[in-house]
Amino acid sequence: MKKLYYLSLFFFVFSMSVQAQYGKQKRADKLYNNLAYTEAVEVYKDLIENDYNTRENRIKLAEIYMKLRSPENAVFYYEDILEDSLNSSAEYYYDYARALRGAKRYEESRKWLQKYLDSDGKVVTEVSKILNARHPEVQTTYTLTKTGFNSEFSDFGAVKNGEKTYFVSARNTNNSDKKYSWNNEPFLDIYELNPQNEATSISEEINTKLHDGPLSFSPNGETLYFTRNNYYNNKEGKRDEEATNHLKIYSAQNSGGSWTNIQELPFNSDAYSVGHPSVSKDGKTLYFASNMPGGQGGTDLYKVAINGNNNFGVPENLGEKINTAKDETFPFIDEDEELYFSSSGHGGYGLADIFKIDLKNGNAQITNLGETINSNLDDFSYFRESDTNAGFIASNREGSDNVYAFNRLLPLILRGKVTDAVNGNPIAQATIRLFNEENEQIAFLESDNDGNYKTKVNRNISIPLEAKQIEYKSFKATLSTKNMEDKVEMEYNIALQPVADVEYLAEINNIYFDFDKSNIRPDAAKELDKLVKLMRDEYPDLVIEIGSHTDKRGSEAYNEALAERRAKATRDYLIAEGIDKDRIKEQGYGERKPAIACDRCSREQHQLNRRSIFSVVNMN
């Protein structure tokens with residue numbers, strides 16, 4: 001009887017425990033579905049500690065930590081999930097790889113992306129982009145400075161209109177107690193900086209009790225376009241079937257320094273979000289982000305014609321080159337029609353990177369802005385003032401979203417002249433090759449007829465260089481483009497040393513003589529005229545030696561004397577053509593240094609041995 005009592009008590013306690021965990025699970029899932037992630041984390045952790053639905057709750061926690069942009073924590077739970085390889089979906093390989101990239105574990109991330117591809121994952125195109133991504137050899141670089149108007153809460157979306165700076169922040173200066181359940185921060189409002197660099201709310205007409213921002217201005221600054229939750233005339237709008245209050249774009253007009261006539265743009269919807277406006281510099285086109293049906297997946301970028309009086313054209317998706325199955329957000333269009341945007345689908349340094357593409361060029365490719373602008377976490381809301389190199393981005397690389405001011409440094413223009421080191425004359429068609437630190441060629445140039453060359457190079461690096469021309473010795477050096485932030489161009493002139501080969505430089509053949517003769521033949525005179533031109537016009541300080549030779553016929557003494565006469569005849573010809581005698585040395589070698597060593601020489605071999613040749617004594 002006692003056994004039965006204890007057994008019943010055990011099952012009662014166990015049942016109560018299971019019921020309690022079941023109730024806790026329902027609460028955690030409700031918080032998750034309501035996007036109350038910070039609160040849901042603690043409940044899921046408690047469920048895991050009690051070994052209740054452990055695998056499913058680890059998956060939820062990993063997903064939440066990625067949404068909260070805490071990839072290190074997400075990695076911890078994904079590792080537990082993937083220990084059970086038999087029940088691991090390929091999609092977890094992709095999610096784990098993203099978390100690893102966010103945690104700066106790039107090589108591990110690539111391995112799991114490859115494993116995802118090998119397992120026939122769904123987003124093959126995006127994964128292939130990440131694995132095959134190559135950053136351009138020459139890039140614009142940026143210097144970043146954290147702005148002084150950041151707070152302990154999220155700050156992002158900074159833009160300038162005239163002399164004023166506007167931005168989006170959750171700092172909640174209106175002291176409202178309402179919090180956004182996703183991250184437990186106050187809702188976002190739009191702020192402007194006063195002359196004392198203090199943040200003040202833009203206006204009560206723009207800011208509401210829900211999210212407001214980011215924003216963009218028309219070129220004349222008179223129209224404000226801004227993102228807001230579905231909230232109009234102090235009343236929350238209709239939610240969708242899943243009780244989501246979507247984002248919409250609104251416009252407002254400047255009237256005496258106040259923003260009035262707030263209107264909802266006609267292509268908004270209660271069923272999906274539209275936000276992140278950016279107006280083109282001619283004021284004719286509005287770019288924005290939306291998850292409206294018919295896109296590539298996630299959030300896509302669109303453009304729409306601005307026709308005035310709150311009339312707009314039909315929104316146009318920017319296409320699969322720009323949009324991916326993941327999220328593209330925060331478009332910005334500059335005065336050169338280059339589109340900047342944030343994306344988690346093009347691959348890069350972190351979870352979301354900033355990219356650009358030239359919309360004027362139909363063959364242009366997506367370009368990552370590089371690892372100064374981009375980090376291992378989220379980088380977004382690019383803005384640059386027209387006709388300047390100054391602007392803003394936002395990043396959560398230090399935890400919370402912060403605004404960073406940047407100075408854009410365009411690639412350094414490297415230019416120079418290739419000249420002869422002896423006479424200073426320009427050298428045409430010299431080849432200049434530039435290399436990276438891995439000794440891979442990054443540029444191949446050729447000097448023009450005036451010896452000039454020009455290219456673009458990255459800043460703050462060392463660049464091995466090699467220059468060649470067929471008549472000159474190879475030249476090698478290493479350039480440094482460091483500490484040149486205040487420079488637009490870098491001049492580097494190259495002086496090539498001529499090869500010490502007179503016959504090569506003058507492009508002359510050997511001077512040949514008839515049997516037992518020392519007179520200069522007409523064919524020899526043509527070659528000597530080339531030598532005269534070289535010594536007179538190109539290298540006026542060149543000193544040469546004439547070495548004359550004979551064939552083997554005749555005595556050695558006779559051939560010595562004959563060779564000396566041939567050397568003298570060659571020298572006299574050059575002097576007669578205006579070459580100073582002090583620039584010519586002569587030496588008769590007789591038969592001692594034949595061109596063709598032969599015992600029974602043919603007529604042709606004898607002829608080849610009867611010659612004068614030339615060598616450099618001094619070129620300076």
Side-chain angles (χ1 to χ4, degrees), residues 156-162 164-169 188-192 201-208 210-233 237 246-255 257-270 272-292 299-318 328-335 337 339-342 359 380-386 391-392 394:
F156 64 94
V159 301
K160 293 200 75 170
N161 180 32
K164 277 193 175 182
T165 298
Y166 298 80
F167 64 100
V168 182
S169 178
L188 299 168
D189 281 335
I190 299 173
Y191 293 83
E192 60 182 314
S201 178
I202 183 173
S203 75
E204 293 182 358
E205 290 76 22
I206 300 297
N207 288 327
T208 65
L210 299 182
H211 286 311
D212 304 286
L215 66 157
S216 180
F217 292 91
S218 62
N220 62 9
E222 296 300 307
T223 302
L224 167 65
Y225 296 91
F226 63 99
T227 309
R228 176 196 282 175
N229 278 121
N230 188 359
Y231 194 93
Y232 191 61
N233 286 334
H246 286 287
L247 299 176
K248 293 186 175 183
I249 298 178
Y250 299 80
S251 66
Q253 302 301 315
N254 186 4
S255 176
S258 298
W259 295 104
T260 62
N261 190 28
I262 296 173
Q263 299 183 73
E264 179 183 330
L265 301 197
F267 50 85
N268 288 325
S269 172
D270 295 333
Y272 52 80
S273 286
V274 177
H276 302 180
S278 178
V279 185
S280 63
K281 300 310 171 186
D282 61 7
K284 297 180 179 180
T285 307
L286 180 69
Y287 292 81
F288 62 93
S290 177
N291 62 347
M292 67 175 64
T299 304
D300 281 9
L301 300 184
Y302 292 80
K303 68 177 181 178
V304 64
I306 301 174
N307 298 324
N309 298 319
N310 206 40
N311 291 315
F312 295 82
V314 177
E316 177 184 343
N317 189 288
L318 295 189
E328 280 68 49
T329 55
F330 291 94
F332 171 77
I333 189 76
D334 73 5
E335 66 272 21
E337 290 187 58
L339 176 71
Y340 295 78
F341 61 97
S342 187
L359 297 183
F380 55 100
S381 71
Y382 180 100
F383 170 84
R384 182 176 58 80
E385 296 180 67
S386 295
F392 302 103

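Only heavy atoms go into these numbers, but all of them, side chains included; no hydrogens, no water, no symmetry mates. Start at 1 with the first residue, then count along the sequence.
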TODO: Evaluate whether atom NZ of Lys284 has more than 12 neighbouring non-hydrogen atoms of other residues, nucleotides or ligands under 6.0 angstrom away.
DONE: no

- [ ] With the side chain counted from C-beta on, respond yes when Asn207 and Ile202 share a heavy-atom pair under 4.5 Å apart, and no when they do not.
- [x] yes

- [ ] Answer yes or no: is there a donor N or O on one side and an acceptor on the other, between the side chain of Thr227 and the main chain of His276, under 3.5 Å?
- [x] yes

Task: Gln263 CD to Asn268 CG distance, which is reported to the nearest 0.5 Å - done: 11.5 Å

TODO: Could you tell me the separation between the CD atom of Glu222 and the CG atom of Leu224, rounded to the nearest 0.5 Å?
DONE: 11.0 Å

Task: Heavy-atom side-chain proximity of Ile306 to Val279 below 4.5 angstrom - done: yes

Open item on the list: For Ser273, is there any backbone N or O sitting under 3.5 Å from a side-chain donor or acceptor partner on Asn291?
Closed with: yes

TODO: Provide the closest heavy-atom pair for Ile206 versus Asp212 in the form atom of the first, atom of the second, distance.
DONE: O-OD1, 3.2 Å

Open item on the list: Once rounded to the nearest 0.5 Å, what's the spacing between atom CG of Leu215 and atom CD1 of Ile249?
Closed with: 11.5 Å

TODO: Please say which of Phe330, Tyr340, Phe156, Phe341 ends up in a ring pair (Phe, Tyr, Trp, His ring centres under 6.0 Å) with Tyr382.
DONE: Tyr340

TODO: Would you please classify the geometry between the Phe332 ring and the Phe383 ring as parallel, tilted or perpendicular, with 30° and 60° separating the classes?
DONE: perpendicular

Open item on the list: Quick check for you: to the nearest 0.5 Å, what is the distance between Asn230 atom CG and Leu247 atom CG?
Closed with: 9.5 Å

Task: Side chain Thr299, main chain Thr329, donor-acceptor under 3.5 Å - done: no

Task: For Ser381 against Ala394, the heavy-atom pair lying closest together - done: OG-CB, 3.2 Å

Task: Residue of the set Phe226, Tyr166, Tyr225 for which ring pair (Phe, Tyr, Trp, His ring centres under 6.0 Å) holds with Phe217 - done: Tyr166

Open item on the list: Quick check for you: to the nearest 0.5 Å, what is the distance between Ser203 atom OG and Glu192 atom CD?
Closed with: 8.5 Å

Task: Atom of Ser216, atom of Ser278 and distance for their closest heavy-atom approach - done: OG-CA, 3.5 Å

TODO: Taking atom types as modelled, find out whether Gln253 and Thr223 have a side-chain donor-acceptor pair closer than 3.5 angstrom.
DONE: yes

Open item on the list: To check you understand the geometry: which heavy-atom pair defines the closest contact between Lys281 and Pro219, and what is its length?
Closed with: O-CG, 3.3 Å

Open item on the list: Can you give me the closest heavy-atom contact between Asn229 and Tyr250, atom names plus distance?
Closed with: O-OH, 3.5 Å

Task: Sub-4.5 Å side-chain heavy-atom contact between Ile262 and Arg228 - done: yes

Task: Check against side-chain contact (heavy atoms from CB on, under 4.5 Å), Leu318 and Lys303 - done: CA-CA 7 Å; Leu318 295 189; Lys303 68 177 181 178; 3.8 Å; yes

Task: OG on Ser169 to OH on Tyr191, rounded to 0.5 Å - done: 5.5 Å

- [ ] Might you point out which heavy atoms bring Asn310 and Ser251 nearest each other, and give the distance in Å?
- [x] OD1-OG, 4.1 Å

Task: Aromatic contact, Tyr302 with Phe267 (centres under 6.0 Å) - done: no

- [ ] Compare all side-chain heavy atoms of Tyr287 with those of Leu359 and state whether any distance is below 4.5 angstrom.
- [x] yes

